[in-house]
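These notes are about the structure you will find just below.
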Amino acid sequence: MEIQIFKTQADLNHVFTDRVKEIISEKGTVTVALSGGSTPKSLFDYWAHLPEGEIGWEKIRFFWGDERCVPPTDDESNYKMTKEHLFDFVPVPDENIFRIQGENDPGSEAGRYGELLGRKLETIDGVPSFDIMMLGMGDDGHTASIFPHEIVQWNSPGNCVTATHPVTGQKRVSLSGRVINAAKNVFFLVTGENKADKVKEIIEYPLEAAKKYPAALVQPESGNLCWFLDEKASKLLRK
Ligand code: 6PG
């Protein structure tokens, strides 16, 4: 496990982007599962204003780690957030964007997206394997849309599951743990003081944390795991 701590999210964005560019140069074309929520907004804004050609957007096929079960025009949509902060500014070919269709019935969409992953991605032991898995972490220790109260969903035998937000009851579609842990490069991008206690628990007490927090179950089978943290999110870690 690699841990990198950054003074600001701007520094984090810069180093993460360099890592993504390295992976693209090694592989030629890459599959990326994007995270949602607010943390990636800053990264997408940074990407949206990079000099033309700095990232070969046509070399990236974009997927999502999770989506809220709302239309793509809804302010809650991770796709909409990504479109407004990234796709509206950079030349990603439409055929390279594979959104989770939040407007569909959750169960049907989990099946459809899971089947699509099996067709579009390389597989490792039959499990779709992303080149890059971007993850955030909620202050309750959830990741993607696997929440603590539904931690059993992590072990679903399928590629995707349906989930329910514990506070709002909002339905979600999420990658399952088997797909997340099959990724070749898993990056947690976690910023903000409100994440600090879970970051400490998960990094310093992984066995205990794994009983409670889905984010602690992110243990790639053979891929790399990198925590990219800002100083606020890492402030409780042992020095
Ligand atoms: C989502 C995300 C979710 C997110 C965490 C952290 O759809 O909300 O995929 O897993 O990464 O909730 O969200 P913030 O970046 O907003 O703190």
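Numbering of ligands and ligand atoms starts at 1, following listing order.
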So, using salt bridge (charged side-chain N to carboxylate O under 4.0 Å, His left out) as the criterion, who are the partners of R99 when residues are at least two apart? E103
Give a yes/no on ligand 1: does E67 have at least one heavy atom closer than 4.0 angstrom to it? no
Please determine whether a side-chain nitrogen of the Lys or Arg among E115 and R119 lies less than 4.0 Å from a carboxylate oxygen of the Asp or Glu. yes
heavy-atom search around atom 15 (O) of ligand 1 in the protein gives T39 OG1, 2.6 Å
Under 4.0 Å between a Lys/Arg side-chain N and an Asp/Glu carboxylate O for R61 and E95? no
How far is atom 17 (O) of ligand 1 from the closest protein heavy atom, and which atom is that? K195 NZ, 2.7 Å
Enumerate the atoms of ligand 1 whose separation from the nearest heavy atom of G136 is less than 4.0 angstrom. 11 (O)
Among all residues two or more places apart in sequence or in another chain, which pass the side chain to side chain contact (heavy atoms under 4.5 Å, CB included) test with D45? H85
What verdict does the ring-ring contact (aromatic ring centres under 6.0 Å, His included) test give for F130 and F63, after you've listed the backbone C-alpha separation in whole Å, the side-chain angles of each residue and the deciding distance to 0.1 Å? CA-CA 9 Å; F130 281 96; F63 300 76; 5.4 Å; yes
Which option, N194, L34, D66, owns the non-hydrogen atom nearest atom 2 (C) of ligand 1? D66
Using distance alone, decide if ligand 1 has a nitrogen or oxygen within less than 3.5 Å of any nitrogen or oxygen in A144. yes
Does the side chain of Y213 come under 3.5 Å of the side chain of E201 through a donor N or O and an acceptor N or O? yes
Cut-off 3.5 Å, side chains only: do S145 and D66 have a donor facing an acceptor? yes
CH2 of W47 to CG of N13: how many Å apart, nearest 0.5 Å? 9.0 Å
Any idea which atoms of ligand 1 are less than 4.0 Å away from a heavy-atom of M137? 5 (C), 6 (C)
To check your reading of the model: name the closest protein heavy atom to atom 8 (O) of ligand 1, its residue, and the distance in Å. R68 NH2, 2.7 Å
Identify, for atom 13 (O) of ligand 1, the protein heavy atom at the shortest distance, and state residue, atom and that distance. G37 CA, 4.1 Å
Return the closest protein heavy atom for atom 4 (C) of ligand 1 as residue, atom name and distance. G36 O, 3.9 Å
At a 4.0 Å cut-off, with the gap strictly under it, does some heavy atom of G65 reach an atom of ligand 1? no
Is it the side chain, the backbone, both or neither of D139 that has a heavy atom closer than 4.0 Å to ligand 1? neither
Say whether T143, considering both its backbone and side-chain N or O atoms, lies within less than 3.5 Å of an N or O atom on ligand 1. no
Charged N to carboxylate O under 4.0 angstrom, R178 versus E221? no
Atom 12 (O) of ligand 1 has as its nearest protein heavy atom H142 NE2, 2.7 Å
